[in-house]
There are 2 protein chains.
Amino acid sequence: MAASEDRTARTTVRTITDLARLAGVSPGTVSRALAGKSLVNTKTREKIEALAREHGFRPNQMASGLRRQKTGVIGVVIPLGHDTRQQISDSFFMTLLGFLADELTTHGYDLMLRRVVPEDDADWLDRFIGSGMIDGVVVIGQSDQFERIEEVADGYRSMVVWGNHQEGQRHCVVGTDNRLGGRLAAERLIAGGARRLAFLGDTGPMEFAARFAGAQDVAARMGLPDVQPLATHLSPDRASEEIAGHLAQHGRSIDGIFAATDTLAALCLTELRAQGLSVPDDVKLVGFDDLPIARQTIPPLTTVRQDIAAGARGLVDLLLRRLGGETTESLVLPPELVVRETA
Amino acid sequence: MAASEDRTARTTVRTITDLARLAGVSPGTVSRALAGKSLVNTKTREKIEALAREHGFRPNQMASGLRRQKTGVIGVVIPLGHDTRQQISDSFFMTLLGFLADELTTHGYDLMLRRVVPEDDADWLDRFIGSGMIDGVVVIGQSDQFERIEEVADGYRSMVVWGNHQEGQRHCVVGTDNRLGGRLAAERLIAGGARRLAFLGDTGPMEFAARFAGAQDVAARMGLPDVQPLATHLSPDRASEEIAGHLAQHGRSIDGIFAATDTLAALCLTELRAQGLSVPDDVKLVGFDDLPIARQTIPPLTTVRQDIAAGARGLVDLLLRRLGGETTESLVLPPELVVRETA
DNA sequence: AGGAATCTTGCAATCGTTTGCAAATGAATC
DNA sequence: GATTCATTTGCAAACGATTGCAAGATTCCT
């Protein structure tokens with residue numbers, strides 16, 4: 001049993017005090033050595049480091065966090081609005097989360113993920129912040145919690161939010177210029193000959209509302225009829241039916257659809273085909289996000305691209321700045337129209 | 001300034017000691033009251049709870065964690081193998097992560113997410129476990145770290161892994177029976193008339209290797225030529241080219257493709273179309289996972305379904321059992337063939 | 001060699017909660 | 001009213017790392 005010999009040979013060293021005893025110094029010195037402070041003699045430091053490595057010792061983050069009053073952990077919270085189920089697996093949020101994880105890691109932070117349902121728990125944000133477990137928080141999506149977030153922002157600086165920017169708001173937000181995105185989409189639809197536009201998706205969430213408003217801006221400017229909102233949920237199973245319903249009812253009276261999301265656009269494409277409507281000939285379609293799926297639909301989706309990686313970088317950059325005490329402005333990223341074949 | 005009056009009116013109460021002073025009791029009593037222990041008089045408890053609510057007090061989790069030697073946090077780590085980039089945004093993992101978040105939340109745990117690149121950091125797993133920040137860990141995907149995980153499992157009980165089960169392994173794993181899944185896929189391809197099969201995807205990762213082996217089992221049993229492995233990366237951008245290359249080279253000499261993943265299958269479908277091969281007439285195609293995209297391709301994808309929600313439930317259930325001291329067997333979930341139109 | 005200046009180290013308090021133990025309070029019994 | 005027993009509380013020691021302060025050890029200068 002070579003392995004177990006190996007294991008028992010090393011005295012078990014869990015605490016900095018154990019290690020100090022082994023090294024024949026005081027715990028304080030070990031702490032300083034491991035923290036890489038310059039106040040400790042090079043020789044002792046090396047000895048301590050060697051011992052630490054040999055015994056696979058790692059300082060307890062809880063204790064360290066408690067004493068230093070910082071944890072090295074950033075909270076990431078996803079508030080789920082009305083549309084509880086499934087939203088977290090929405091591709092866009094997940095991709096953003098992935099990039100966020102990357103970005104935080106490279107800056108030496110860990111990520112604590114929490115999904116919350118604000119309706120069940122009015123206290124969701126305070127509770128997270130007040131837990132003492134996180135140094136700062138990234139809120140992914142304002143959902144229908146704009147006011148709550150504003151209130152919290154007044155008393156807590158270490159927060160950055162992904163979402164829509166509104167004139168005069170008090171919380172620091174990073175997000176795409178959704179209204180502009182909506183305009184780009186509508187302009188494209190109209191340039192292709194569409195006259196009676198529809199917006200596919202729930203107009204409740206701020207980001208979607210802004211996209212819708214952008215499209216409406218353009219329709220109004222061009223003297224076209226109002227853009228018709230077609231409400232749907234986001235989860236694929238419910239959305240499919242809802243879309244089918246909408247199309248059955250309005251399919252022939254609209255010739256341009258702006259979908260709130262590529263996911264919805266893809267579903268819509270399937271339903272359009274099912275109802276014998278051809279894209280882009282009968283109906284033109286523009287999505288939003290430019291997720292991988294946009295390239296794989298048939299025909300490939302014309303869409304408004306959000307730069308997710310840049311968003312994640314922005315969130316982390318701003319948050320770290322705020323942790324450092326700076327005051328930061330919101331960051332609004334430009335959307336980009338990606339022309340493929342549906343409009 | 002009503003708001004600020006409101007704010008200054010309440011003495012700021014951050015610690016349990018502050019609250020104790022307000023309530024006129026000792027910190028110990030407050031602690032017990034808030035923890036809902038029965039040793040405290042109902043009247044004092046109510047008073048304390050009221051004060052806590054009024055001042056929005058929440059006990060510091062770090063201090064609590066340190067003292068109780070448990071944190072209420074489960075670590076979730078995603079090891080990224082060769083295929084570093086993007087893998088975290090792989091739909092399957094992300095969906096699993098979403099369900100995991102749900103499941104842990106309902107059991108009162110928080111989730112700490114960490115991506116690691118084992119090649120850059122041999123110590124990835126020990127470091128996470130030894131940090132003292134987590135009560136247990138879920139490893140999502142064995143990647144190429146099977147051995148490392150086995151070693152750790154010998155000395156650390158609070159770990160559950162998503163991945164492939166191998167006879168006699170020492171770590172507790174939850175996962176689909178990939179080999180059986182591979183058999184189902186191959187059987188379907190062959191039943192449809194395919195004779196020269198190929199496996200699309202990297203056969204390095206254990207799970208994929210098992211799927212490949214399952215397909216190979218069937219081919220061998222039926223006396224067909226070996227299943228030809230067509231290696232690709234997982235990230236869509238690289239995969240597309242690679243698939244195109246494979247098809248250009250072998251496209252005419254194979255009539256059944258088993259893709260390691262729905263994502264790859266969808267890309268493959270696009271490339272097949274581009275090369276003028278019709279599915280399922282010229283080539284039959286089966287995917288794996290049954291992600292939402294499988295329903296949206298044209299034609300919709302025949303695939304092998306993994307029950308992701310059940311997987312997440314299993315992971316959490318087993319992990320909690322192990323935290324409670326039980327010894328647990330691995331959990332192997334049955335795959336299910338979902339027949340659509342590509343095979 | 002004596003003293004100042006510079007490095008290294010150890011000591012002990014601290015971060016905020018929890019909890020074993022014992023003291024104090026109140027209720028119940030004879 | 002004295003005694004016993006059960007409830008409630010307070011006290012103080014943990015949990016494990018960090019850090020200001022001061023003492024001890026070196027080095028350097030004159």
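So that the names make sense, note that chain A is the first sequence line, chain B the second, and so on, each numbered from 1.
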- When you check the gap from the basic side-chain N to the acidic O, do B/Arg148 and B/Asp126 get nearer than 4.0 Å?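 Judged by the 4.0 Å cut-off on N to carboxylate O distance, B/Arg148 and B/Asp126 do form a salt bridge.
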- Query: So, are B/Asp123 and A/Arg53 salt-bridged, with charged N and O less than 4.0 Å apart?
  - Reply: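 Judged by the 4.0 Å cut-off on N to carboxylate O distance, B/Asp123 and A/Arg53 do not form a salt bridge.
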From the options [options], select the nucleotide whose nearest atom is closest to the side chain of [X].
X	options	answer
A/Thr29	C/dT17, C/dG10, D/dT18	C/dG10
B/Gln69	D/dA17, D/dC15, C/dT17	D/dC15
B/Val40	D/dT9, D/dG16, C/dT9	D/dT9
A/Thr44	C/dT9, D/dT19, C/dT17	C/dT9
B/Leu66	D/dC15, D/dT19, C/dT17	D/dC15

- Item | A/Arg68 side-chain N/O to C/dC15 phosphate OP1/OP2 under 4.0 Å |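 For C/dC15, neither OP1 nor OP2 has a side-chain N or O of A/Arg68 closer than 4.0 Å.
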- Task: Please check the phosphate of D/dT18 (OP1 and OP2 only) for any side-chain N or O of A/Ser64 closer than 4.0 Å.
- Result: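 Yes, because at least one side-chain N or O of A/Ser64 sits under 4.0 Å from OP1 or OP2 of D/dT18.
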- Query: What pairs meet the ring-ring contact (aromatic ring centres under 6.0 Å, His included) rule with one or both residues in residues 120-145 of chain A, with sequence neighbours excluded?
  - Reply: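 Pairs touching residues 120-145 of chain A that pass the test: none.
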Rounded to the nearest Å, what distance is computed from the [atom1] atom of residue [X] to the [atom2] atom of nucleotide [N]?
X	N	atom1	atom2	result
B/Met62	C/dT18	CE	P	14 Å
B/Asn41	D/dT8	CG	C1'	7 Å
A/Phe57	D/dA17	CZ	P	4 Å
A/Lys70	D/dT18	NZ	C1'	13 Å
A/Arg58	D/dA17	CZ	C1'	16 Å
A/Ile48	C/dG10	CD1	P	9 Å
A/Asn60	D/dA14	CG	P	18 Å
A/Lys37	C/dT9	NZ	C1'	15 Å

- Message: I'd like to know if A/Arg32 reaches the base of C/dG10 with its side chain such that a donor and an acceptor end up less than 3.5 angstrom apart.
- Response: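 In this structure, the two groups form a donor-acceptor pair.
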- Task: Using only heavy-atom distances, decide whether a donor-acceptor pair under 3.5 angstrom links the side-chain of B/Arg67 to the base of C/dT18.
- Result: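 Such a pair is found, so the answer is yes.
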- Query: Just wondering, more than 12 heavy atoms not from B/Glu326 lying within 6.0 Å of its CD?
  - Reply: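 Enclosed.
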- Just jot down the side-chain contact (heavy atoms from CB on, under 4.5 Å) partners of B/Ala309, sequence neighbours excluded, or say none.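 Only B/Phe99, B/Asp307, B/Arg313 meet the side-chain contact (heavy atoms from CB on, under 4.5 Å) criterion with B/Ala309.
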- Using a cut-off of 4.0 Å on non-hydrogen atoms, how would the nucleic acid contact of B/Val25 be classed: base, sugar-phosphate, or nothing?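 The answer is sugar-phosphate, as B/Val25 gets under 4.0 Å only of primed atoms, P, OP1 or OP2.
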- Message: Between B/Thr15 and A/Leu39, which residue's closest nucleotide on DNA chain C lies nearer the 5′ terminus?
- Response: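 Taking each residue's closest nucleotide, the earlier one in sequence belongs to A/Leu39.
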